[in-house]
Each structure stands twice: as C-alpha cells, then as structure tokens.
Amino acid sequence: MKRLLSQLAIGGVIALWGAGGALAGTVTGVVRNGTTGARAAGVEVVLIQLQGGMEAVANTKTDAQGRYRFEHSVLGRQPMLIRVNYRGVNFHQSLPPGRDAVDIEVFEPTVDASAVQVASRLIALEPNGAVLLVGEEYTVQNHSNPPKAYYKPEGNFVFKIPQGGELAQVSAWGPSGMPVVQGTIDRGDHGYAVAFAFRPGESGVRLSYHIPYDSNRAVLHLPSSYAARRVMVVAPPTVEISSAGFVPAGTEQGWSLYARDAVPADDALDLSVSGTAPPPSASEPPGLNETGGRDSGRAEGPARILPSRLDSLKWVLIGGFAALFFLGAMFLWRRPAVTPGGAGAAAMGSNSERPAARAAEAGRELDREVGRSLDELKDRLFRLELRRQAGTLSEEEYTRERGRAEKVLRDLLKG
C-alpha cells in the first residue's frame, strides 16, 4: 500500500510540476460521430488552456480517419480542454494531466426540446453579511434515440433569477463532468439563456448570484421554465427555510436539506429565508465561514441522492484539485502502517488485548478522522469559491484566505 501511494504521490508531483514522461507535451485521439457511428473527418479541433482563463493555444483538423494530434509544452503538466466544432456546435472533452490520448464524441444537433428533461434542481443558500449567496444546479438528461445533441444558437436553456439579484457566473457541464463557463443571452426582466450542446447522457447547468439580505431575511421568487422530478434546497443549519410543498429531508455534510418532488413547469418557488451563517469554528482561520463537522443526521428519502451531486458541485468550484490530491496521497503514505502481528500491533497492547482487532479499529478511526478533516476543508474552500464568484471577495482576500486553507491541509500532512 505504501508503495502504491508513493507512486500516486509521485504522479501528483509530475502533474503539478511537469516532471514529465516520454509522451509529455503530446496528445492524440479520434473524433467519432455518436449519432451515426462514423469517424468525423475534417472537423476543427482546438486545444484550450484553462489556467489564466480559457485561452486557445493550438488548433488543427482531423484527418480522413478522424484522427487529430497536438504538441504543446503545457500538455501533461496541467488540466486542459479540447473543443471540437461540428456543424456549428462546440463539443468539449476534458484532458487531465498525464493523459496522452483522448477520443471525442460529437453528435448530430437537434432543436427538438423534447430530447431533454430536467431531472433535478439544487438550490444552495449561504448568508454573507448583507447579501445572500445563491448557487443553483440543474441536472439535465438526454435520452434521445437515435442519440442527438440538443442545441439552439439563440439559447436553448433559459432561467430567471429573483428581482434585485446580480448574476455572477454560469457554467455548463456534459457527461465528462468538466464545467465550461458560458456566455449569457439577456432575455430581459432578470431572464437569461445559454446556448449549450446537451449531449446524450447527463449534463447540467450551474449558476451563482447574490441578492440583498437586509435584516438577515429575504423572500426568493424562483420561477422555472422546466418541470423537475425533484427540487432540493440546501442551507446551513442556522438558516430557516419556509416554502409550500418543501419538507425537511435530514442533513448532509452539516447542511440542512429540504425537498419537493414532481415540480411542474412554470410553477414559481417562493422561499422565505432567515438566519445568519454559522459562526466560525475555533480551529478556523479568521475570515472563513465553516459549518464544521459532518452529518448530524441521516438524510432520508430524496436526500439520499444528494451526496454525490453536492460533492460534485463543491469540487468543481474548487481550484487546485491536483495539489489536494497530491497532499492527500502524501498524508496517507506517511501515516504509520498498522499491521496485525507487527510492530504496530505490538504497540497496541499484549496478545490478551487482541492487538489485531484493536489495530483494525485504530485504522478505521484514523480513516474517519481523515474523512472529517477533508470534509471540513471541502466545505471551507467551497464557501470561499462561492463568495469569490458572487463578487463579495476581492482577489487579494481570496488569495490570502485560500493560502490559509491550504496551510491547514499541509499542517494536517505534517501531523
């Protein structure tokens, strides 16, 4: 196990600092048409650098066999994005560090809205002084047959934010999970649209905005153009939510959950929100908000589907995931090995105290402690990124507080 984790840590170093391998700086692949099954020849392929903004750093076209190839100094050292333009529609595929081959699937476009359905809508609320930060995620499913991509250049996903709200950012993600920031089309009266190709499978749209939160109270009027099988509201336990049709659905990762099923299209959701953000924990650096701790109860019913979606929402917002992976791997690698019958077991007590069982329990407790620490750091970084997106945090403050959070992780590593 130590040898495996050592290799993972070394891989993290390579990803972060470009220690490089034989194929560093090169990526190849094939573009296929998922509707017809044929290879896509003569289509434009663009290599996009994510750090410092989405900047196109190279482009090419596929050959007669649908193959492409890029050579660039940044490849292999940081996450990249590959874009294929097919029939005027952009299809994106993530390129993580260390990958040297990525195939990309494109689809014939359709303007038929029945090709997609909204499976769920997640609304996350976070008070921050005189404003209420709001993050939303729509999960969109495309089960078209034959498989096609739903797309309209004039905007094929529409949404509204409450009166007085200020939109911060909109992004969309496809089956690969990589979010791409979207330009918005103003429809007036706080209405917007984005033009995004919803490929077969599961995709989603995320948006963040903030509204005035005077006297720690607000009423959100949230219209929806889409029917949703489930709508969930997530808020800190210090915030009270009141809305017709919503029922408490337990807690998850220190957040209170509220759920409502079978919400019809054009049915406005009116949420009464009151309360403040939870106080910072004693171990938290100044300037960061934190719920602190894990679940205070078991989520029932609709909440059972939330953990993976909520974690996805958090981690997409968090930058520097490669560094967190590397430090986490190093933490596990450096922790004392506890093996039954070995020195670790002997330190736990005599044979009469069943050292193997005690060693196993000690290992499980250490795993739980690591999980709690990582969950707290995820919550902390999530809140920090949300404040940044909402425009309530300057770049200087963001850099300072982000550094503090990363120091906590490094201190955990040293301990």
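Below, each value reflects all heavy atoms present in this structure, side chains not excepted, and no hydrogens, waters or symmetry copies.
- Scanning all heavy atoms of the two residues, the minimum distance from Val131 to Tyr213 falls at C-CB, 3.4 Å.
- For Asn156 (side chain) and Val111 (main-chain N/O), no donor-acceptor pair under 3.5 Å exists by modelled atom type.
- The distance from atom CG of Asp270 to atom OG of Ser243, rounded to the nearest 0.5 Å, is 6.5 Å.
- Of the inter-residue distances, the one linking Ile211 atom CD1 with Ile161 atom CD1 reads 9.5 Å to the nearest 0.5 angstrom.
- In this structure, Glu137 pairs ionically with Arg206, as a charged nitrogen and a carboxylate oxygen lie closer than 4.0 Å.
- Between Asn128 and His210, every side-chain heavy-atom pair lies at or beyond the 4.5 Å cut-off.
- Across every non-hydrogen atom of Leu167 and Ser208, the tightest pair is CD1-O, 3.6 Å.
- Side chain of Thr238 to backbone of Gly275: no donor-acceptor contact under 3.5 angstrom is found.
- Among all heavy-atom pairs drawn from Val231 and Val263, the shortest one is CG2-CG2, 3.6 Å.
- Closest non-hydrogen pair, Pro236 versus Glu126, comes out as CG-OE1, 3.3 Å.
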What side-chain donor-acceptor pairs closer than 3.5 Å can you find for residues 181-198, not counting sequence neighbours?
unit_1	atom_1	unit_2	atom_2	d
Gln182	NE2	Val180	O	2.9
Asp186	OD1	Gly188	N	2.7
Arg187	NH2	Glu154	O	3.1
Asp189	OD1	Gln163	NE2	3.1
Asp189	OD2	Lys160	NZ	3.3

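- The backbone N or O of Pro147 lies less than 3.5 Å from a partner atom in the side chain of Thr35, making a donor-acceptor pair.
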For a side chain to side chain contact (heavy atoms under 4.5 Å, CB included) check, start with the C-alpha distance between Val239 and Trp255, then their side-chain angles and the critical distance, and finish with the verdict. CA-CA 10 Å; Val239 172; Trp255 293 68; over 6 Å; no
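- Val27 is not listed as a side-chain neighbour of Asp100, based on a closest heavy-atom distance of 4.5 Å or more.
- Judged purely by distance below 3.5 Å, without hydrogens or angles, the side chains of Gln117 and Tyr226 never pair a donor atom with an acceptor atom.
- The line from CG of Asn59 to CD of Glu44 is 5.5 Å long, rounded to the nearest 0.5 Å.
- Proximity of Val57 to Phe70: side-chain heavy atoms (C-beta onward) are nowhere separated by under 4.5 Å.
- You'll find the ring centres of Phe159 and Tyr138 outside the 6.0 Å limit.
- When all heavy atoms of Arg217 and Ser274 are compared, the pair lying nearest together is NH1-CB, 3.7 Å.
- Residues Ile241 and Val273 have side chains in contact (heavy-atom distance under 4.5 Å, counting atoms from C-beta outward).
- When all heavy atoms of Pro223 and His221 are compared, the pair lying nearest together is CD-O, 3.1 Å.
- Remark: of the listed residues Val205, Leu122, Ile123, Ile123 is the sole one forming a side-chain contact (heavy atoms from CB on, under 4.5 Å) with Glu136.
- Checked options Val45, Thr62, Val31, Val30; the residue passing with Arg67 is Val30 (criterion: side-chain contact (heavy atoms from CB on, under 4.5 Å)).
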Would you check, one step at a time, whether the test side chain to side chain contact (heavy atoms under 4.5 Å, CB included) holds for Thr60 with Arg69? CA-CA 8 Å; Thr60 186; Arg69 176 185 176 90; over 6 Å; no
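- Interatomic distance, CG of Leu95 versus CD1 of Ile82, reported as 5.0 Å (0.5 Å rounding).
- Atom CG of residue Asp267 and atom OG of residue Ser225 lie 12.0 Å apart, to the nearest 0.5 angstrom.
- Contact annotation: the side chain of Asn142 never approaches that of Arg199 to less than 4.5 Å [non-hydrogen atoms, C-beta and beyond].
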Could you check Leu222 against Arg121 for side chain to side chain contact (heavy atoms under 4.5 Å, CB included), going step by step and ending with a plain yes or no? CA-CA 11 Å; Leu222 299 171; Arg121 180 182 181 184; 3.8 Å; yes
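- The structure places CG of Leu271 at 5.5 Å from CZ of Phe246, a figure rounded to the nearest 0.5 Å.
- At a threshold of 4.5 Å between non-hydrogen side-chain atoms, the residues Tyr209 and Val170 do not count as touching.
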Audit row: Val46, Asn85, side chain to side chain contact (heavy atoms under 4.5 Å, CB included) steps and yes/no: CA-CA 8 Å; Val46 181; Asn85 186 279; over 6 Å; no
